[in-house]
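Below is one structure; the comments refer to it alone.
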Amino acid sequence: KVVNIGYSGPLSGGAASYGKDVQSGILMAIDEINAAGGITVKGEKVTFNLVSLDDRYLPNETATNVKRLTSQGISTIFVPHAGGILTVQPLATRDPNFLLVAYSSEPKILAANNPMTLMLPPRYDNYVAPFVKQEISTFGKKLGMIGTTSAYGKAWGDVVSAEWKKQGGTVGTDNGVDYSTTVDYSSAVTKALAEKPDVLFIGGPSQPTALVVKAAREQGFKGGFIVMDQAKFEQMNQVVPQSYLNGAVGVLPIAQFPGTQVFVNQYTRKYKKIPTSEAALNYMGMNIVAAAMTAAGTTDDAVAIRAKVGAAAASLPRTKSIFSIKGVTAQGHVDADVLAAYLKDGNFTKLRLPGLK
Amino acid sequence: MIIFFQQFLNALALGGAYSLVALGLTLVYGVMKIPNFAHGGLYMVGAYVTWALLTNLGVPYFLALGLSAVTLGLLAMLLERVVFYPLRAAPHIHPMIAAIGVLFFLEAVIAHPQVFGADFKILPSPVTGMLSFGGISLTGQRVLIILASLVVMLALFYFLKRTTTGATIEAMAQNREGARLVGINVSRVASLTFFISGALAAIAASLYAPTSLVSPNMGEVMNLKVFAIIVLGGMGSVPGAIVGAFLLAFAETFGGVFVGANFADVVGFAVLVLVLAIRPQGLFRRTA
Amino acid sequence: MSAAPAPRALPTGWPWLLVLLLSAVVPLVTRNNYVLDVAINVMIFSVAAYGMNVMLGYAGLLPLAHAGFFGIGAYAVGILTLKAGWSFWLAWPAGIAICAVLGLLLGLVAFRTRDDVFAIFTLGVGVIITQVINKWDALTGGNDGLNGLLAPQLFGIDFGKSRNFYYLALAALALTIFLVARVRASLFGRSLIAIRGGEDLARSAGINVYTHKLRVMMLSTALAGFAGGLYAVYVGFLGSAITGPATTFTVLLYLLVGGVGTLAGPLLGTFIIRVLQQSIQGLQDYQYIVFGPLLVLLVLFFPAGLAGVWANLRGRRASVQGTGRGKGVRDAGV
Amino acid sequence: MLEVRNLSVRYGAYTALHGVNLTVNSGEIVVLLGANGAGKSSLFRTLSGLQRPSGGDAVYNGETLTLGRPERCVTLGVAQCPEGRMLFPQLSVEKNLRLGAFTHRRDAAGNDAELERIYTLFPILRDKRADPAGSLSGGQQQMVAIGRALMARPKVLLLDEPSLGLAPLVVDQVFEAVQRVNQAGVSVLLAEQNAFAALGIAHRAYVMEGGHVTIEGSRDELLHDDRVRSAYLGV
Amino acid sequence: MLAFEDLGIRFGGNQAVQGVTGSITPGIITAIIGPNGAGKSTFFNLLSGFYKPTSGRITFGGQDITRLPTHEVVALGVARTFQTTTIYKELSVLENAVLGHRVRTRSGLWDALLGTGRERQERRASEAAAMDALRRVGLEGQAHVPAGSLTQEAQKRVSIALALATGPSVLLLDEPAAGINPEETVALTRTIRELAAGGLTVVLIEHKMSMIMTLADHIMVLHHGQKIAEGSPAQVSRDPAVIEAYLGGHAAPHVRDELKADLLQSAAELPGGQHA
Ligand SMILES: Nc1ncnc2c1ncn2[C@@H]1O[C@H](COP(=O)(O)OP(=O)(O)OP(=O)(O)O)[C@@H](O)[C@H]1O
Ligand SMILES: Nc1ncnc2c1ncn2[C@@H]1O[C@H](COP(=O)(O)OP(=O)(O)OP(=O)(O)O)[C@@H](O)[C@H]1O
Ligand SMILES: CC(C)C[C@H](N)C(=O)O
Ligand SMILES: [Mg+2]
Ligand SMILES: [Mg+2]
């Protein structure tokens, strides 16, 4: 039996690259499962097929896509952006209900207390305290702000500046710019640097973030960076020399995790690019879904599958989960050990996030 | 004071880049009255062609730039033949929508996994040096942009105003049949105009991309801005496009300083709206 | 552009009634939410397209801030219901009124410009509207957008159900078409057509071009807001992306494909394009590689839009050349 | 020598010319009379290559003109001063005139001389030479249009209602100019409503009605033709 | 009465009209003649509010209309046609005339949306007025034909009908007979005379002297933007300044007739061109 899995994400337009990273993670998990002959549900062999629809990052398109997918009898749908997720959350509990696999670190998704949601990445607010501590102690107490102005970026920035002040630092004026429409970052950087900060908060999609780093270094900035989780070191490295990133804190590259070598190699071979947590977490998500189906003994009863994701997640082998998973919270949040790191002279020093061992 | 000069240089480079892109558009839009929303697409493809030549084939930068300009010039000519020529008698918005169709097409082709894919590409900079004085810094690439835009502007101005071929472009824009009657081969002129615009877009992209990123939708952001620019300057006016470009760049840069970087885009368009409210015909256009 | 059909008192009634009746039975024969969803989106965006049509098709002005007003109507409903606790049934007309007033204000300045400059001027305003919506966090929720808009209720009918909402959208669309048809046939509407045909001639006929333009701008933005309000409660989430130029151009596309200046065009175009887009979704990476050229072909081979094809088939005597481009008359852009 | 053979022109379903035959011998001024809509302009547009015929053709010294390629016609020596003038409104008068010599663009000295001749013919244009052509009065624009056609140094000049909207004095000047041009060896095909003035300088004439040539003959023959006298001369 | 005082307009460095003072006598036909570029059309554009003068003043019935927008000037009763025939070619003849009557109606957007009684009543009134205007120019038979499909001459009549439908007391016609043949010119002349006989004040610009001389009660001559002469046709056609600047050999109808006779004579005597 072939079971369809739904995906609605940006596959064209400015966020296409992001949407495709997510898609490739899900696809890789599916291909692996199918290559191994599928999973067994109630004695029946089950393989998967991914049905992807483009929503161009627009919530109303996500809603249309979700209705289309559910009308085809699909009961598991991946959505990788907060707007779309929040829009379709109410639909997930209505007739017909479906398992909404949410890839976004927006805490509001959890606040909705939606019983059909499974949120994959860590909430971003967990990163902040260790980041701030590290940077204040290394570079000093003055923070400049040039984050992206996406919803997500602004919320991140707010949490960072609150924490920075809490730990006794001062925060400069917000020079955030929209990383997806800005043609030239030098002006914003010049302005931020005019306040002589010790550390800059930056972050949006990896490559533009790297350009901000570049502009800052070229204008003589010597301090550190707090890099929001959307930007990935392994991708920024392709844009700027690693030395530019010296003194930055951010998400630890997937390749730095123990036991991920197999995944990284296979992914790189298959997609000719470096896997980031976009791919890795969704790969993990798809594996959790498959395991939960096996455990629940059904492929279409979304409520039953949702009931088993906790157990499925906890028992997932490390090779399938990439991160070490402790389980799923009551709100449907995957509790996984995503690490953060401080980059110095090409070496990543791991930082512990609160609540994690 | 230092911040002022630094911002001044930032704006100068940005304005140079804008004006390079805007010049090609102003030719086609102002002179041939075609609102070519595919111009941003040509700009984008130009960047990819240069990137491919540079990184896949190892062609030296300036040669790659030249080849890319020729390629895009030809592509633009093809576009004119296939899409705009048959629409030459249609009302304005028809070519505009067709151009948007072309833009979709170009973006989708480039973003196709078998072509370049949706990921960002990085165009290495040919000049790595840096000018630095008294706390102000300017990368070599930006110096190059400023100089190149100056040269292109002058060359284009000379071409249009001082050469017979230039005059034929203007003549044809104002009365296509009249131009045919005096013996101008209008389809050749149309091709030529598009060739120039495509080549300029590719040159602009090749020069500017090293300071930025190459991605399938890089043309969209540029599109809106350069349209604003050529209207600001007065459609069809070459000096207008240049002034418009620098005006927008300065407005964005210094607007960012005073209003907040986040509002730079708003400031740019606010300037557009303000200028047009005061001078509805744009800065450089005589009242008819 | 094809010759506009001779104005009648009302759209030659019965085909429209037939369409209305057929549309009304759709939810009775299908329980498929996806079909209803596509239909509802078609109806909402057709209303917006009608709003653009009164400007572009009748008055010959290309309003590129259209999605901005769609957004203002939507956000007005969002903000008034979520933050001020208003009922949707109050917030919706309020949003429409706000759009009309803002449309008037925009017109006061924008009508200093003409033709292409007007188009780009309004494009600039559209970008500013989007940016303001995007950046005014306290009011609009900024990039987060507004979430949790509830579907309205009336007399115990829950419009949260797709089927019920379908009828709400259908009613809105029918009302729009009815009003637009009336306007088209009216003295006011005919004066707009005159303005499109040549402003100077219209002026010499004693038409107050400026006030006519202002009125039609208000009608256009009000219809955009009308559609926007409906959109807000249908989708339940508002983000600034939907208010930007991309949406404006999409609506323009619907209009052009359907037939600018025709009564059936906006609906026809919205329907065809949205259904087309849904059906080529399966092409994945090829969808825009197909869609782009398809667009070009449509423009090339159906320059008067799909509704125009019909009109052309009926009256072959449409070979009359464009309106006077003589000395005193400037061409009205479109 | 220009020969039009069985030329037909159609606009969609409407036929504007039904197999027209006419000849312009070298050195002649031939006048084409006809009411509005008779098809005069359609004929002219076809002769200068702007309009493709639906049947028949026109040959000039053995070369076919009706290929839809105006630039070829100009190069062969057939230039038109069109109805509606078709000037370049934002370019200066002088640029308009110089563009008329586009096919001679390599011969700068010859063009200067030609330009001088045109300024002598229409002195007002010399004063207005730097003004945008579009800002001139209707009559002045007509002069620019004639001047522009002459700049091509044609061997056959096609003039489509050159007196339209001109002051009587200027009409005289224009016809004088046409005569002078003709005396310098240029054949002229002249469409006119102003039958009287036109026949005054013509060698031969044709009358068109509804897309057909209905009358043809020498000037005298037409001046004595009753139909012509009543319909076109108002006698 | 339409009067103007020291009227002038400048385009950049070009004084297109300057210091023109005078008035249009009601109820008669006034002709404006002058060389090409004399400023005749510009003068019309000033009277009708299309251009705002750079000097001087225009009054109509004692009211200052110098700065009024065109549509208000039309509302007061001054209508015009354009030198190049400008009509709505894709609309029917009737529809063109209906638009002309728009200035006499009040129905706006609300009336349209609500389908008010005023809208319906005014629509009927407009069509009646339009038909009346068509009748006056002799186009009632072609009311439902697309205007663009008519002959040049009929299109000229449509433009006049459009102007008449505005209910003017003064009608400004810019070269109504340009580009139409002698037979039709005679017919058009008759129409204009009938309009004037009906009490309308007509001002027309024309280059066709035969028409002017038979039609005009009064002639005003412009040259280089200035008024150089004014008076009855006989006076004007004898005025040396006018002959010098404009008329040349076409001074007066009798002169013209003589010329015509000469030509016919000479044609008969000439050896003749080639015979076909
Ligand atoms: N582009 C066109 N499309 C359709 N019909 C046309 C077109 N051009 C001309 N016609 C029609 O062809 C006929 C002949 O027109 P043409 O312009 O050749 O006449 P003409 O003798 O030059 O008249 P005029 O004295 O008004 O200039 C007219 O009925 C006209 O309406
Ligand atoms: N909008 C304008 N801008 C600049 N110059 C203008 C404008 N309108 C008219 N002129 C100039 O004013 C002068 C008078 O033009 P106008 O059109 O009034 O002449 P006219 O007497 O009507 O001539 P004709 O008999 O040829 O129509 C001309 O020199 C013309 O170039
Ligand atoms: C970094 C990403 C997980 C954020 C995601 N794109 C969102 O919209 O919430
Ligand atoms: Mg003609
Ligand atoms: Mg005039």
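Remember, it's a predicted structure, so these values are computed and weren't measured experimentally. We name chains A, B, ... by the order of the sequence lines, and we start the count at 1 in each one.
- A distance of 4.5 Å separates CG in B:Asn185 from CD in D:Glu71, rounded to the nearest 0.5 Å.
- Other residues, nucleotides and ligands contribute more than 12 heavy atoms inside 6.0 Å of the CZ atom of D:Arg126.
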*For D:Asn96 and B:Val182, run side chain to side chain contact (heavy atoms under 4.5 Å, CB included): C-alpha distance rounded to whole Å, both residues' side-chain angles, the deciding distance at 0.1 Å, then the answer.*
CA-CA 10 Å; D:Asn96 268 276; B:Val182 301; over 6 Å; no
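- Between B:Gly183 and D:Thr103, the shortest heavy-atom contact is CA-CG2, 4.3 Å.
- Checked by atom type and distance alone, the side chain of B:Gln174 pairs as donor or acceptor with a backbone atom of D:Leu91 at under 3.5 Å.
- Other residues, nucleotides and ligands contribute more than 12 heavy atoms inside 6.0 Å of the OH atom of D:Tyr119.
- D:Arg98 does not touch chain B: none of its heavy atoms, backbone or side chain, sits under 4.5 Å away.
- Here the CG-CZ distance, from D:Leu50 to B:Arg180, works out to 5.5 Å after rounding to the nearest 0.5 Å.
- When D:Cys73, D:Ser48, D:Cys81 are each tested for a side chain to side chain contact (heavy atoms under 4.5 Å, CB included) with B:Leu181, only one passes: D:Ser48.
- The two residues D:Phe88 and B:Asn175 come nearest to each other via the heavy atoms CE2-O, 3.6 Å.
- Shown here is D:Arg10, whose CZ atom has no more than 12 heavy atoms of other residues, nucleotides or ligands within 6.0 Å.
- When each of D:Ala152, D:Pro89, D:Gly100 is scored by its heavy-atom pairs under 4.5 Å with chain B, the top score falls to D:Pro89.
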